[in-house]
Amino acid sequence: MKNLIVDILRNNERFEIITHEGPDEDAVGSSRALAYGLLSMGKMVKLVYPTPIPSSLLFTPAPKNHKSVKPQISILLDVSDMNMLGGLHPRGEIVIVDHHKTENKEGMTCWIDSRKSSASEMVYDLLRAMEIEITQAIASNLYLGIFGDTGGFIHANTTPRVFRIAYELARAGADPNLIAYRVRRSKSMAYFQILCMVMDRMMMADGVYGSYISLQELKRIKAKPEDASGIVEEMASLAGAELVIFLKELNPDTVHCSMRSKSGQSALRTAQAFGGGGHERAAGFTLKGRACENIDEVVEEGLKWVNKG
Ligand code: 5GP
Ligand code: MN
């Protein structure tokens with residue numbers, strides 16, 4: 001399927017690249033790198049983010065954005081679930097490039113490979129297949145995406161191939177130290193305030209650890225949406241946690257759930273039970289109601305899957 005995508009990229013002139021709401025390192029890095037590649041082929045590219053890029057992820061080079069372009073092709077990058085487009089409607093013919101395991105995309109033009117660490121790894125493959133030079137700007141963005149989705153080269157998706165690509169990207173000018181520090185060592189005070197509240201009320205039952213943060217608490221400490229990103233990873237670093245569940249209120253009646261599991265498929269299975277998806281060990285979903293009203297039910301569902309091994 002990669003070759004089909006390469007043909008589409010070669011044979012069209014006007015693209016829009018859309019990624020998921022709440023763009024993370026992979027969404028930002030993969031979209032910017034692909035845009036640079038297409039621009040180097042003389043194409044017009046519009047970059048679309050359903051919600052703004054967090055200010056902490058604005059440090060990599062940004063390509064020119066042809067905002068007024070009417071796209072022939074809408075490339076959905078790193079989007080596992082159409083509900084993660086924030087209600088945005090692609091304007092061109094849809095082409096999906098993704099590394100998530102979820103959703104039936106039969107009949108759609110797509111290249112989906114859940115063995116890839118990240119959408120950024122897939123963009124690297126596309127650029128190499130099209131013999132596009134990996135410039136420093138491209139390398140920095142791809143490295144950011146791979147670093148983000150492998151959790152800084154620690155998750156199970158950190159394959160030998162990932163290290164080979166990271167090596168190539170570092171050789172092409174990506175700065176591993178700068179990127180690691182920008183992603184890992186620039187947490188806000190609000191992040192730690194959230195962490196304190198989350199740890200304080202953590203429910204721990206048979207390897208399933210669950211906690212939450214309310215909208216009121218987020219408002220009280222004037223948290224920005226991105227201030228809670230990374231909290232679930234922190235919970236997962238606790239000894240004994242097999243499955244961690246973190247609920248965050250998005251608005252007065254909507255809660256987002258992020259999960260991580262250390263082994264097995266409990267994160268994905270629990271997410272699917274609530275209509276969500278993701279990967280075996282990192283998954284999520286959105287549900288109605290308040291966090292404090294839902295946490296027990298999600299933990300109970302998690303316990304079913306953890307005990308299945
Ligand atoms: P995170 O916890 O970092 O937000 O998400 C972890 C993984 O779960 C990501 O791969 C993401 O695609 C998936 N995920 C998070 N939220 C949702 C959601 O609401 N729906 C679906 N289908 N997947 C989600
Ligand atoms: Mn990704």
| request: For R128, look at atom CZ and say whether over 12 heavy atoms of other residues, nucleotides or ligands are found less than 6.0 Å away. | output: no
| request: Kindly check if the number of other-residue, nucleotide or ligand heavy atoms within 6.0 Å of CD (E93) is above 12? | output: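 No.
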| query | Picking from K288, R290, K219, what satisfies salt bridge (charged side-chain N to carboxylate O under 4.0 Å, His left out) with E249? | reply | R290
| task | Would you check if the distance from the ring center of F147 to the ring center of Y181 is below 6.0 Å? | result |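 No: the rings miss the under 6.0 Å criterion.
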Does [X] reach the main-chain N or O of [Y] with its side chain, forming a donor-acceptor pair under 3.5 Å?
| X | Y | value |
| --- | --- | --- |
| D78 | T19 | no |
| S31 | I18 | no |
| N141 | P61 | yes |
| N12 | R14 | no |
| R32 | T60 | yes |
| D7 | L4 | no |
| K248 | P225 | yes |
| K43 | R10 | yes |

| said: Could you walk me through whether S120 and D26 satisfy the side chain to side chain donor-acceptor pair (under 3.5 Å) test, starting with their C-alpha distance in whole Å, then the side-chain angles of each, then the deciding distance to 0.1 Å, before giving a yes or no? | reply: CA-CA 6 Å; S120 296; D26 190 31; 2.7 Å; yes
| said: For a quick check under 3.5 Å, do D227 and S188 share a side-chain donor-acceptor pair by atom type? | reply: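 Present: a donor and an acceptor within the cut-off.
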| field | Trace of the side chain to side chain donor-acceptor pair (under 3.5 Å) decision for N157 with H155 | value | CA-CA 5 Å; N157 58 358; H155 294 329; 5.6 Å; no
Can you name the closest pair of heavy atoms from [X] and [Y] and give their distance?
| X | Y | result |
| --- | --- | --- |
| S80 | M84 | OG-SD, 3.8 Å |
| T109 | I94 | CB-O, 3.8 Å |
| I8 | F15 | O-CZ, 3.8 Å |
| G264 | R281 | O-CG, 4.0 Å |
| I146 | V162 | CG2-CG1, 3.7 Å |
| H66 | K46 | O-CB, 3.3 Å |

Taking the side chain as C-beta and beyond, is there a heavy-atom pair between [X] and [Y] under 4.5 Å?
| X | Y | answer |
| --- | --- | --- |
| I134 | L169 | yes |
| S211 | M235 | yes |
| N83 | T286 | no |

| said: side chain to side chain contact (heavy atoms under 4.5 Å, CB included) for V79 and D98? Distances and angles first, verdict last. | reply: CA-CA 6 Å; V79 179; D98 188 30; 5.9 Å; no
| task | Check step by step if side chain to side chain contact (heavy atoms under 4.5 Å, CB included) holds for H279 and K101. | result | CA-CA 6 Å; H279 310 274; K101 233 185 189 132; 5.7 Å; no
| request: Kindly indicate, with the supporting measurements, whether the criterion side chain to side chain donor-acceptor pair (under 3.5 Å) is fulfilled by E242 and S261. | output: CA-CA 5 Å; E242 279 307 316; S261 58; over 6 Å; no
Please output the side-chain donor-acceptor pairs of residues 196-204 that fall under 3.5 Å, not counting sequence neighbours, one pair per line with the distance.
| from | atom 1 | to | atom 2 | distance (Å) |
| --- | --- | --- | --- | --- |
| R201 | NH1 | Y212 | O | 2.7 |
| R201 | NH1 | E217 | OE1 | 3.2 |
| R201 | NH2 | E217 | OE2 | 2.4 |

What side-chain donor-acceptor pairs closer than 3.5 Å can you find for residues 170-178, not counting sequence neighbours?
| from | atom 1 | to | atom 2 | distance (Å) |
| --- | --- | --- | --- | --- |
| D175 | OD1 | N177 | N | 3.2 |
| D175 | OD1 | L178 | N | 3.1 |

| message | With rounding to the nearest 0.5 angstrom, report the CG to CG distance, L127 to L38. | response |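 If we round to the nearest 0.5 Å, L127:CG and L38:CG are 8.0 Å apart.
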| request: Start with the C-alpha gap between I245 and E301, add the side-chain angles, then the distance that decides, and say whether side chain to side chain contact (heavy atoms under 4.5 Å, CB included) holds. | output: CA-CA 11 Å; I245 297 168; E301 184 66 32; over 6 Å; no
| message | Could you check whether D125 pairs with K116 (Lys NZ or Arg NE/NH1/NH2 to Asp/Glu carboxylate O, under 4.0 Å)? | response | yes
